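Take a look at the structure set out below.
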Amino acid sequence: MTSVDMKHYSMLIGGSPVDTERRREIVDPSTGATVATVAHGDAGHVDAAVAAARAAFDAGVWRHRTPQERAAVMRRIVAAANEIADELVELEMSANGATVRQATGFHVGYALAHFAYFADLAETYAWQRPAPITTFPALGQAVVHREPIGVVGAIAPWNFPLLLTLWKVGPALAAGNSVVVKPDEHTPLSILEFARIAEANGLPPGVLNVVTGDGPEVGARLASHPDVGKIAFTGSTAVGREIMRLASGTVKEVTLELGGKGPSIVLDDADLDLAVDGVLYGCFVYSGQICESGTRALVPADLHDDFVERLVTRAATIVQGPTRDWDTDMGPVINARQQARILDHIRGAVDEGAEVALGGEALDEPGFWVTPTILTGVRNDMRIAREEVFGPVLAVIPYRDDDDAVRIANDSEYGLAASIWSSDNFRALELAARIDCGSVWINDAHQINCQVPFGGFKQSGVGRELGPDALDAYTEAKAVHLDLSGGRDSKPYDILLSHADE
């Protein structure tokens, strides 16, 4: 693959490209080179996009179509996107530094497959649900309708720009909503391209809008806008709290998928070769820049030294190199600021008493690189074990027994995901029931299936994405009651009216 040609990207509002004099440069994290420029929107562009989305919703050009008709359009969009999948892969790599293997599978392949899943779900979802009424005050029939909310604001992160945007846009469109997307300012390219594909393949103008710009202006306006009925956000817990605060001003519905500090719990009966590979995969895939990464390895104290030696030996074989080389295992981190933040966390851990068993350095190469890092001597009260680093840093923490492992795992403000490594499925399942998080993987990691709800406990989020739960999250429930008692004489109206006459 060749690098993306220098190109300028406009926003998409109401079906038309919208440009600005201000432009933002998009930098390839693997080289530090500018690869594209993007329009730099502001709050006024958010207002225009929301107005276009609301007009499309009120006109019914999308929401009044049957679920089958919406599904058919969504499938056409997937087919067209698959035709240029290599271009979407290149756009993802050029903006966020994913390797070609990761961008092809996780970033684009999963994204389009998950969007197709929501098209299928539109046809099988229970849009009307009968609810017989057989008790006082009346014999009747109620039907619960699931109806679109209206205008949905989707605020996407930089780590999986297309995938995590389509986790929001997919169910929102399947339900008949209109959408305004605010991509992360570092990684808008694939989202802008997807939006153009969508309109070229049957999505009415104004149903999907993309406004590029900074979070404090564009994201904040979208979260607080009175005509936006729901905000879906993926990102840090700190920003999630602010999104919730802004949305509360108009009592918006929110879905928040936030930070994590996932424990990878290795039991004493685990297949250690499998567990070593699994723990490393859980932490280092995509340079540790995944919210549900297993960044705390909880290891039995009597296995600690052997397990660390195995981890270091195996991690030393991880290949960092050109992101477009299929032999590269791990790419850079997103930007210089994040690189500096990760290295600061490593230095802070050492200052608190941790030891660097492997890595802990920046590569002297163009771009923003951090070597795979393994820290030992970590206690769960250290900053490195409490805060989300969002980089290739694994903290190894010893534990005494299963109860101690559960205590350490749950001693966190986060509760997004965990993994358990054991040869005893029953023991692992019993342990899983005691872990306070939204996903627990046994002898696996990063196992996200579009049919299964994903989200976090505690400060890892609010609500769920994926699965049928996602359509619940992008619809309102309306109960319609029909009297079947046979007329006023047999209804309790006389009870009510008799009191009214007194």
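Source: prediction; values computed, not measured. Just so you know, these numbers use all the heavy atoms, side chains as well, and skip hydrogens, waters and symmetry mates.
Closest heavy-atom contact between Pro263 and Ala417: CD-O, 3.4 Å. Taking both residues in full, the closest heavy atoms of Val378 and Ala354 are given as CG2-CB, 4.0 Å, listed atom of the first, atom of the second, then distance.
Ser422 places a side-chain N or O within donor-acceptor distance of the main-chain N or O of Asp424, the cut-off being under 3.5 Å.
The pair Arg75-Asp120 meets the salt-bridge criterion, since a charged nitrogen lies less than 4.0 angstrom from a carboxylate oxygen. Contact check on Asp42 versus Arg221 returns no salt bridge, with no Lys/Arg side-chain nitrogen under 4.0 Å from an Asp/Glu carboxylate oxygen. Under a 4.0 Å N-O distance rule, the pair Arg464/Asp472 does not qualify as a salt bridge. Salt bridge annotation for Glu413-Lys261: absent, with no cationic side-chain nitrogen under 4.0 angstrom from a carboxylate oxygen.
Side-chain contact between Asp28 and Met93 is absent, with no heavy-atom pair separated by less than 4.5 Å.
Contacts classified as salt bridge (charged side-chain N to carboxylate O under 4.0 Å, His left out) and involving residues 366-376 (residues at least two apart or in different chains) are not found.
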Subject >> Working for side-chain contact (heavy atoms from CB on, under 4.5 Å), residues Val389 and Thr295 >> reply: CA-CA 9 Å; Val389 178; Thr295 54; over 6 Å; no
Which donor-acceptor pairs under 3.5 Å do side chains of residues 148-168 form with protein atoms, sequence neighbours excluded?
from   : atom 1 : to     : atom 2 : distance (Å)
Asn159 : ND2    : Gln289 : O      : 3.0
Thr165 : OG1    : Pro161 : O      : 2.6
Trp167 : NE1    : His114 : ND1    : 2.9
Lys168 : NZ     : Leu164 : O      : 2.9
Lys168 : NZ     : Thr234 : OG1    : 2.6
Lys168 : NZ     : Glu465 : OE2    : 3.1

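When only modelled atom types and interatomic distance are considered, Ser439 and Trp441 share no side-chain donor-acceptor pair under 3.5 Å.
Among the candidates Phe454, Phe284, Tyr281, Tyr110, the single residue satisfying the ring-ring contact (aromatic ring centres under 6.0 Å, His included) test with His446 is Tyr281.
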